[in-house]
Amino acid sequence: MIEKEYKAQEVEEKWVKLWKDDMYYFDWNSKKPHYIIDTPPPYPTGSFHIGNTLNWCYIDFIARYKRMKGYEVMFPQGWDCHGLPTEVKVEEIHGISKNDIPREEFRRLCVEFTKGNIERMKQTMKRLGFSIDWSKEYITMYPEYYRKTQISFVRMFNKGLIYKGYHPVVFCPRCQTTIALAEIEYKKGKTKLNYIRFGDGDNSVIIATTRPELIPACVAIAVHPEDERYKHLIGKKVKVPTTDYEVEIIADEDVDPEFGTGIVMICTFGDKQDVKWWKKHNLQLRAILNKDGRLNEKAGKYAGLTTLEAREAILRDLAEEGRLIKQEEIEQNVGVCWRCKTPVEIIVEDQWFVKVEKDKILKAARQIKWVPEHMLSRLESWVEGMEWDWVISRQRIFATPIPVWYCKRCGAIVVAKEEWLPVDPTKDKPKEPCPKCGSTEFEGETDVLDTWMDSSITPLAITGWPDEWRKEDYPTSLRPQGHDIIRTWAFYTILRSLALVGDIPWKEIVINGMVLGEDGRKMSKSLGNIVEPHEVIEKYGADALRQWAASGVVGDDVAFSWKEIVAASRFQQKFWSILRFTLLHLKEKPSDEDAKLLRDADRWILSKLMKLVKEVDEHMENYRFAEALKAIRSFTWYEYADNYLEIVKNRLYAGSEDEKKPARFVLYTVMNVLTRLLAPFTPFLAEECWQRLHEGIGEKVESVHLQSYPEADERLIDEEAEKRGELIKEIVSVVRRMKHDKGLPLNAPLKKVMIFAPIEIDTRDIAGALNAEVELLKEMPTIEVRVKALKPKFNILGPMFKDKVKAIVNAVSKLSNEEKLKFVESGKIEIDVDGEKIELKSEWFDVEVEKVLGGEGVEVLETENAVVIVEI
RNA sequence: GGGCCCGUGGUCUAGGGGUUAUGACGCCGCCCUCACGAGGCGGAGGUCGAGGGUUCGAGUCCCUCCGGGCCCA
């Protein structure tokens with residue numbers, strides 16, 4: 001006999017040890033249809049958090065389901081290692097700055113640190129039971145991977161899709177690096193709006209700016225073309241304070257006449273809008289800001305000051321000159337570096353860019369199936385709003401080196417040949433002299449690549465690109481990822497796939513939401529609402545956490561919920577108890593012969609089981625995990641345990657061998673099917689129950705995760721049996737309810753139960769379940785029939801009578817009992833509605849009939865389809 | 001400010017034109033039943049965020065507003 005309590009932790013830890021990694025190995029040569037998942041490579045922070053958990057649970061549900069459905073599934077796992085957070089952490093740990101030690105040494109420290117983090121995260125992932133193929137692990141910081149990143153760079157460069165250009169870029173003065181638009185965050189803050197007079201006398205205007213320190217970078221002044229106040233100024237020139245030059249007043253529709261004075265200065269560059277205007281009006285460039293966040297010689301006397309110092313100095317000077325008219329406090333959103341929260345600046349620098357071909361990307365994105373569908377529009381609006389190309393160069397160390405040198409003699413750009421890769425141009429030399437001038441003296445590129453350059457080739461990397469690329473397995477089957485990185489990871493991957501192989505990267509993309517705290521707000525340290533996976537695992541186990549993950553709608557944000565976890569673990573206990581009951585009555589595998597003895601109740605539950613299988617399968621195909629799991633749970637608990645097992649119990653304890661056999665057949669079949677249905681969701685519970693079930697009947701079986709997913713056996717779907725089964729269920733439950741109402745124990749004996757029902761049913765299980773003698777009546781004894789209700793079927797009446805429906809329903813409700821009865825018996829009636837005669841058919845109504853039987857010492861109970869007379 | 005999503009008993013949630021709105025947790029009452037008391041049975045609890053519209057009929061479709069979330073400017 002198995003123990004009473006299901007101990008999730010014990011069971012789960014046992015299977016983590018026993019399961020062999022190779023169960024999930026993907027074989028390229030398998031003849032099964034291939035299903036390849038472009039798993040996200042997480043950033044190795046060291047902890048696999050609950051947001052990751054949601055994402056990976058979805059992946060694992062899909063992977064396990066597809067595997068059981070007969071696919072050869074690839075569930076690889078990568079690690080997206082490069083990036084600033086690790087650099088910062090390593091500097092912190094060792095108390096150094098990256099510039100204190102040789103690049104190579106710094107890189108080595110980052111690699112060491114990252115390795116440890118990966119190991120820790122892997123432990124959690126294994127503990128959560130993810131069916132990852134660890135033989136397909138890839139780590140972007142290792143040469144075998146970043147060689148691929150470098151090859152991708154070289155190929156795109158050679159296709160003219162990567163170029164070096166002089167261009168405004170967003171720059172973080174603290175991190176000392178360029179950052180992508182996608183890396184800017186916006187913070188609300190207060191600042192002063194300064195009203196400043198430009199020019200003198202008649203030829204003066206008042207502009208409003210929050211960035212007076214950029215006045216020396218002013219290259220034009222703009223007003224709205226329809227602004228009556230200023231129309232006359234257009235085309236005039238005005239002298240810029242603090243400088244000795246004049247700029248033109250131009251017209252542009254983007255100027256907001258409501259903001260400040262309605263006159264705006266255009267600087268190179270205060271923000272993105274400046275860049276837009278600068279390009280559109282072909283303005284000159286006055287770059288006054290250096291990389292260190294200080295003004296340069298172009299700012300005249302303010303050279304050398306930081307932007308904040310310059311702001312004060314300029315305002316002071318302007319005030320002295322009487323040009324500062326007024327200041328007012330306003331709310332403003334400031335762009336800050338997503339990492340260090342320092343306000344970013346726009347500077348002009350030589351950078352590497354990837355061309356963004358918007359139309360091609362949009363067209364490709366629309367060929368991919370998005371789940372949920374509306375997530376496509378997020379990508380679309382991002383792409384449509386893009387204003388410049390993707391800046392891929394970063395001034396950092398821990399990243400993929402850009403495989404480029406500059407000839408010291410002629411300045412030519414020398415891009416590495418593919419066969420030289422991987423390469424680090426800061427220490428390796430080109431293998432050939434400069435193709436332009438023949439020099440062998442080179443300067444290696446010290447800029448490195450944006451981390452998204454590494455991660456945007458994952459679907460290619462996992463399909464063997466570029467060496468043994470499995471073109472026939474491309475596009476891959478699925479990209480699962482969060483909606484927060486649609487504009488980055490999804491976007492860049494599509495771009496790169498098109499650029500490198502001219503095809504979309506995946507057929508489908510399934511988007512997961514974010515995990516919110518129990519309070520419905522984003523999880524954050526400051527709110528103190530963070531829950532870590534290990535906390536949940538320690539209390540309730542991984543399967544319970546996985547069930548929680550299944551509870552939401554794919555794409556929606558999901559709030560963490562201990563309640564859901566508790567409910568999930570109760571279900572596991574319930575399932576375990578059912579197994580315990582099953583094994584109590586099952587000692588050997590039932591034969592197909594036993595199936596010939598099936599009774600109504602047995603056929604009913606088997607038919608229901610088959611319908612469940614169909615339903616679950618359909619939900620799984622459409623990534624409706626919550627619906628699938630809910631269907632399994634409610635069948636298990638409310639149909640099977642509460643009804644079927646209660647009905648069949650008596651037979652199993654007290655019946656003859658021939659009565660027990662078919663029940664055992666059901667016990668085995670249901671358990672067998674349910675464990676397999678549950679396997680993708682609760683792999684540990686499913687495995688334990690699968691193994692115990694077969695141990696119990698003396699059979700040795702392989703892992704449940706190597707079995708096929710249940711398929712509905714159409715022969716077991718039996719509508720007639722379902723009707724009879726439902727009737728049995730109704731009768732049993734109505735009598736139990738009566739016992740309950742009378743304060744009787746549910747197993748209290750009854751003298752006699754008589755049933756009048758429209759169809760023949762097998763009363764033997766009813767007798768057992770009710771502890772009473774049961775008689776099936778052929779005729780309804782002296783009864784009075786009353787039509788209790790005639791419920792209109794609006795879906796029929798509505799389209800037929802339109803706006804007359806109300807009047808008809810009203811008229812019908814006013815019929816007397818006799819008229820109603822006559823209507824039901826004859827099947828039709830003619831009624832008067834607003835002077836019009838209308839013939840109605842009784843089939844347009846749901847008829848509820850009430851049967852009343854007088855008598856002493858008997859209870860008359862009604863179910864939907866039967867009348868039950870009980871002698872107590 | 002813009003885009004997308006979401007407002008359904010106390011809390012979370014299903015339902016996306018058809019009239020008695022699903023389930024879970026919690027709550028109340030009853031039953032110590034031979035797999036499970038971490039169980040079973042029953043019950044109370046809702047003007048489906050607000051207002052307008054379309055329709056014979058609206059949680060469901062449309063508009064406006066209010067509130068929340070995420071992403072972006």
Side-chain angles (χ1 to χ4, degrees), chain A residues 1-2 4-6 181-182 184-186 256 259 271-273 333 335 372-382 384-387 482-488 511 513-514 516 518-522 540 551-553 555-585 624 626-627 630-631 633-634 637-638 641-642 645-646 649-650 652-654 667 733 736-748 769 771 789 791-809 846 848:
Chain A
M1 181 82 279
I2 67 174
K4 274 193 164 194
E5 196 187 337
Y6 178 65
L181 289 177
I184 308 174
E185 273 181 15
Y186 291 84
D256 177 4
F259 185 80
D271 57 23
K272 267 182 70 181
Q273 183 62 44
N333 283 326
E373 225 174 317
H374 68 256
M375 290 295 175
L376 169 62
S377 63
R378 291 227 186 155
L379 183 100
E380 287 176 332
S381 42
W382 171 251
E384 279 158 9
M386 284 194 80
E387 270 153 34
H483 64 57
D484 53 332
I485 51 172
I486 289 174
R487 68 204 163 106
T488 48
I511 303 292
M514 302 294 107
L516 309 174
E518 280 212 280
D519 53 1
R521 310 182 60 170
K522 203 178 175 180
Y540 298 97
S551 71
V553 176
D556 279 9
D557 290 348
V558 191
F560 179 78
S561 156
W562 283 108
K563 278 182 196 165
E564 190 61 47
I565 302 278
V566 171
S569 88
R570 284 201 188 142
F571 170 72
Q572 290 171 194
Q573 176 59 45
K574 186 73 186 184
F575 198 80
W576 185 251
S577 301
I578 294 171
L579 175 71
R580 197 163 181 267
F581 179 81
T582 302
L583 292 176
L584 208 60
H585 297 284
R624 290 191 299 255
E627 294 297 308
K630 203 166 86 178
R633 273 162 54 160
S634 87
W637 207 316
Y638 305 115
D642 286 354
L645 291 184
E646 291 304 330
K649 229 174 210 176
N650 183 270
L652 281 164
Y653 281 112
L667 292 183
S733 74
R736 293 178 88 197
R737 197 176 310 152
M738 181 219 76
K739 285 182 174 179
H740 164 262
D741 289 344
K742 297 220 171 291
L744 299 168
L746 294 185
N747 59 350
N771 197 6
K791 287 196 298 185
K793 294 180 182 171
F794 286 95
N795 53 344
I796 296 173
L797 294 170
M800 221 180 252
F801 298 105
K802 305 277 181 190
D803 53 346
K804 286 192 200 107
V805 170
K806 256 185 196 152
I808 291 170
V809 170
D846 276 323
E848 241 176 66

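The basis for the numbers below is simple: all heavy atoms, side chains too, and nothing from hydrogens, waters or symmetry mates. Labels below follow one simple rule: chain letters A, B, ... track the order of the sequence lines, proteins then strands, and each chain is numbered from 1. Since the structure is predicted, the reported quantities are computational estimates derived from the model, not experimental observations.
- Between the CD1 atom of A:Ile796 and the P atom of B:rC56 there is a distance of 19 Å, given to the nearest Å.
- Checked against side-chain contact (heavy atoms from CB on, under 4.5 Å), A:Ala626 has no partners two or more places apart in sequence or in another chain.
- Considering CG of A:Leu579 and CD1 of A:Ile2, their distance stands at 4.0 Å, rounded to 0.5 Å.
- We find that CE of A:Met800 is positioned 14 Å from C1' of B:rG18, with the value rounded to whole Å.
- Of the candidates B:rC70, B:rC56, B:rU33, the closest approach to any side-chain atom of A:Arg736 belongs to B:rU33.
- Neither OP1 nor OP2 of B:rG39 sits under 4.0 Å from any side-chain N or O of A:Tyr638.
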Is there any protein nitrogen or oxygen under 3.5 Å from a nitrogen or oxygen in nucleotides 26-30 of chain B, and what are the pairs?
residue	atom	partner	partner atom	Å
B:rG29	N2	A:His740	NE2	3.0

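- Judged by atom type and distance alone, A:Lys806 does not reach the base of B:rC56 through any side-chain donor-acceptor pair under 3.5 Å.
- Ranked by how close their nearest RNA chain B nucleotide is to the 5' end, A:Leu516 and A:Ser577 are led by A:Ser577.
- Listed by chain and number, the residues in a side-chain contact (heavy atoms from CB on, under 4.5 Å) with A:Lys649 are A:Phe581, A:Glu646, A:Tyr653 (sequence neighbours excluded).
- Between the CG atom of A:Leu645 and the P atom of B:rU33 there is a distance of 18 Å, given to the nearest Å.
- Close to B:rC36, at under 4.0 Å from its OP1 or OP2, lies a side-chain N or O of A:Arg580.
- The side chain of A:His374 has B:rC4 as its nearest neighbour among B:rC4, B:rA24, B:rG18.
- The CH2 atom of A:Trp382 sits 19 Å away from the P atom of B:rG2 (whole-angstrom rounding).
- Closest heavy-atom contact between A:Lys574 and A:Ala641: CE-CB, 3.8 Å.
- Residue A:Lys574 has no polar side-chain atom (N or O) positioned under 4.0 Å from OP1 or OP2 of B:rC36.
- For A:Arg378, the listed nucleotide lying nearest its side chain is B:rG69; candidates were B:rC56, B:rG69, B:rC36.
- Phosphate contact (OP1/OP2 of B:rG40, side-chain N/O of A:Trp637, threshold under 4.0 Å): present.
- Computed from coordinates, the A:His585 NE2 to B:rC34 C1' distance equals 9 Å when rounded to whole Å.
- Atom NZ of A:Lys793 is surrounded by more than 12 heavy atoms from other residues, nucleotides or ligands within 6.0 Å.
- More than 12 heavy atoms of other residues, nucleotides or ligands lie within 6.0 Å of CD in A:Glu384, so this atom counts as buried by the packing criterion.
- Across every non-hydrogen atom of A:Met514 and A:Gly482, the tightest pair is CE-CA, 4.1 Å.
- For a distance-only test at 3.5 Å, the side chain of A:Glu5 qualifies as a donor-acceptor partner of the base of B:rA38.
- With rounding to whole Å, A:Lys630 atom NZ is found 14 Å from B:rC25 atom C1'.
- Going from atom CD1 of A:Ile511 over to atom P of B:rG3 covers 21 Å, rounded to whole Å.
- The distance between atom CH2 of A:Trp576 and atom P of B:rG39, rounded to the nearest whole Å, is 17 Å.
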